[in-house]
There are 2 protein chains.
Amino acid sequence: MKTIDLEDEPIEAERQSSPEKRGRKASKEVRRQQLIEATIDSLAKRGYSETTMADVADGAKLSRGIVNFHFESKEKLLVATLQYMYDEYSAHWRNAYDKAGVNAGDQLKALVTADFDRAVCNKRKLAAWCAFWGEAKSRPTYQALSGARDTDYQNLLFDLCSRLKAEAGYGFDPHHLALALSALLEGLWLRLMMGLEDVTRETALQAANEFLLTTFPKHYTREANGIRRL
Amino acid sequence: MKTIDLEDEPIEAERQSSPEKRGRKASKEVRRQQLIEATIDSLAKRGYSETTMADVADGAKLSRGIVNFHFESKEKLLVATLQYMYDEYSAHWRNAYDKAGVNAGDQLKALVTADFDRAVCNKRKLAAWCAFWGEAKSRPTYQALSGARDTDYQNLLFDLCSRLKAEAGYGFDPHHLALALSALLEGLWLRLMMGLEDVTRETALQAANEFLLTTFPKHYTREANGIRRL
DNA sequence: CCATATTGAATGAATGTTCAGCAAATTATA
DNA sequence: TATAATTTGCTGAACATTCATTCAATATGG
């Protein structure tokens, strides 16, 4: 009855098998990317505190000193990795938003759906995000980048809540609701990452949709497979 | 217009200034507790990866070897600390629940309010929780204890959602809604911990109440200061 | 004194960083 | 085209540091 939880790609998948110069001598950018991917792997597999330069180098099948050559220190590698994930996530939701048309209901639904897309929401990435969250409080450098749902995202949610409220005369406070919504999404990510219970990408999305349904009853309706805008 | 955000107690507050034997030779239990508090301090101040035995010992104003004497290893100290926070949180919500009477609406409101009580929801504790979350995925030992909102809590939320639904004929799926609610609470904690934006305990609680209001419109009503059961 | 708690220096393992040297790619020269 | 010179990417051993753990010596309270 439950779709055999789509265990996302194995953590160590050969990701960039593109024929880009592999053996020796790849371009600076290719190597940096390769090392960043290896870092995400390591964060996901061993956690922040046990991610070592050696493990990253091994994961990239390169020598020990390589990271200090392309990045300069472990700290800078980690910041670059976080920046990469941040940029990727931003591009992802902006893209979903742009494709959603002009209707606020559609736009909000698109944002929520995008959040549980395999591209950004898989064990590997979620584990890496959480590793950074755990260190963010005590590291100013991480703090700004750790909240994937940043100011832009938050403002957009607020704008959408306000528009839906104006359209249907809901009684809620759009500020509080936007905060609740982004917290809900992040909380669901956390649950997914923990991997306890039987929470899967599907159930998480259903829970988020349940929120949309009960909060904006005049905008959405229950469908066989998710929700639909009225 | 905004209450000067109640910056919770300073991280290094002299917590147990009780005249319990302080100088030399305290009982086993007193020392353990003292070291656990120092561990929470360190986790909050420096994060998991930079929490060292030396820092814990210094924080407790004791010598370097002390932790290995009372706990046995760093690992066991950390597990004991997590267990302590877990027990404390559990006792806190159970207590709030027991005091809430027999009405499901009151009980749910009590649980949500308890979640933002200073006793369990302050920068120090939230930071410590988050430190563990960041390591939980890669450490089976932490995994079970890291989800403060455990199976019992989740089941209770489900039960309450179901009862409210039965009382007022709401259309939601109680499973999904209970998941959404617990994720919302955890997500708000995460936001509070990050300390970005202007999210305070008050705004977080308001956002959670906004959720209750819109989801259970027949049970709660907006009040000057929060919500009230109808 | 005896049992127990505590100290703090010593130890050894783990790990980030450095760097001299090597090799592949690229360019210059004949 | 062949060869030399140079740049650039990469290696891995050596080094320095940090840190958990051990333990012999010491202090304390009963």
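Hydrogens, waters and symmetry mates are skipped; everything else that's a heavy atom, side chains included, is used.
Atom pair A:K61:NZ and D:dC10:P shows a separation of 16 Å (rounding to whole Å applied). The interatomic distance linking A:L62 (CG) with D:dC10 (P) rounds to 7 Å, in whole Å. At whole-Å resolution of the value, CG in A:L77 and P in C:dT17 are 10 Å apart. Rounded to an integer number of Å, the gap from CG of A:D58 to P of D:dC10 is 16 Å. In this entry the distance linking CZ of B:F69 with P of D:dT26 reads 18 Å, nearest Å. Rounded to an integer number of Å, the gap from A:E75 CD to C:dT15 C1' is 15 Å. Between A:F71 atom CZ and C:dG16 atom C1' there is a gap of 16 Å when expressed in whole angstrom units. Distance, A:E72 CD to C:dT18 P: 8 Å, rounded to whole Å.
B:L77 pairs in a side chain to side chain contact (heavy atoms under 4.5 Å, CB included) with only one of the listed residues (B:T51, B:N68, B:V67), which is B:V67.
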At under 4.0 Å between heavy atoms, how does the protein contact nucleotides 15-20 of chain D? Give one character per nucleotide, 5' to 3', with B, S or -. ----SS
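Applying the ring pair (Phe, Tyr, Trp, His ring centres under 6.0 Å) criterion to B:F132, with sequence neighbours excluded, gives B:Y142. Applying the side chain to side chain donor-acceptor pair (under 3.5 Å) rule to A:H175 yields no partners; only residues at least two apart in sequence or on another chain are considered. Residues passing the salt bridge (charged side-chain N to carboxylate O under 4.0 Å, His left out) test with B:D117, sequence neighbours excluded: none. In this structure B:K74 satisfies the salt bridge (charged side-chain N to carboxylate O under 4.0 Å, His left out) test with no other residue, sequence neighbours excluded.
Which of D:dT11, D:dG9, C:dT6 sits closest to the side chain of A:K28 comes down to D:dG9.
Looking only at side-chain heavy atoms (C-beta outward), A:F71 and A:I36 come within less than 4.5 Å of each other.
Side-chain N/O atoms of B:R31 include one lying less than 4.0 angstrom from OP1 or OP2 on C:dT6.
Nearest-nucleotide positions on DNA chain C place B:R64 closer to the 5' end than the other of B:R64 and A:G65.
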Using distance only, find each side-chain donor-acceptor pair of residues 155-162 of chain B under 3.5 Å and give its atom names and separation, not counting sequence neighbours.
| unit_1 | atom_1 | unit_2 | atom_2 | d |
| --- | --- | --- | --- | --- |
| B:N155 | ND2 | B:T151 | O | 3.4 |
| B:S162 | OG | B:F158 | O | 2.9 |

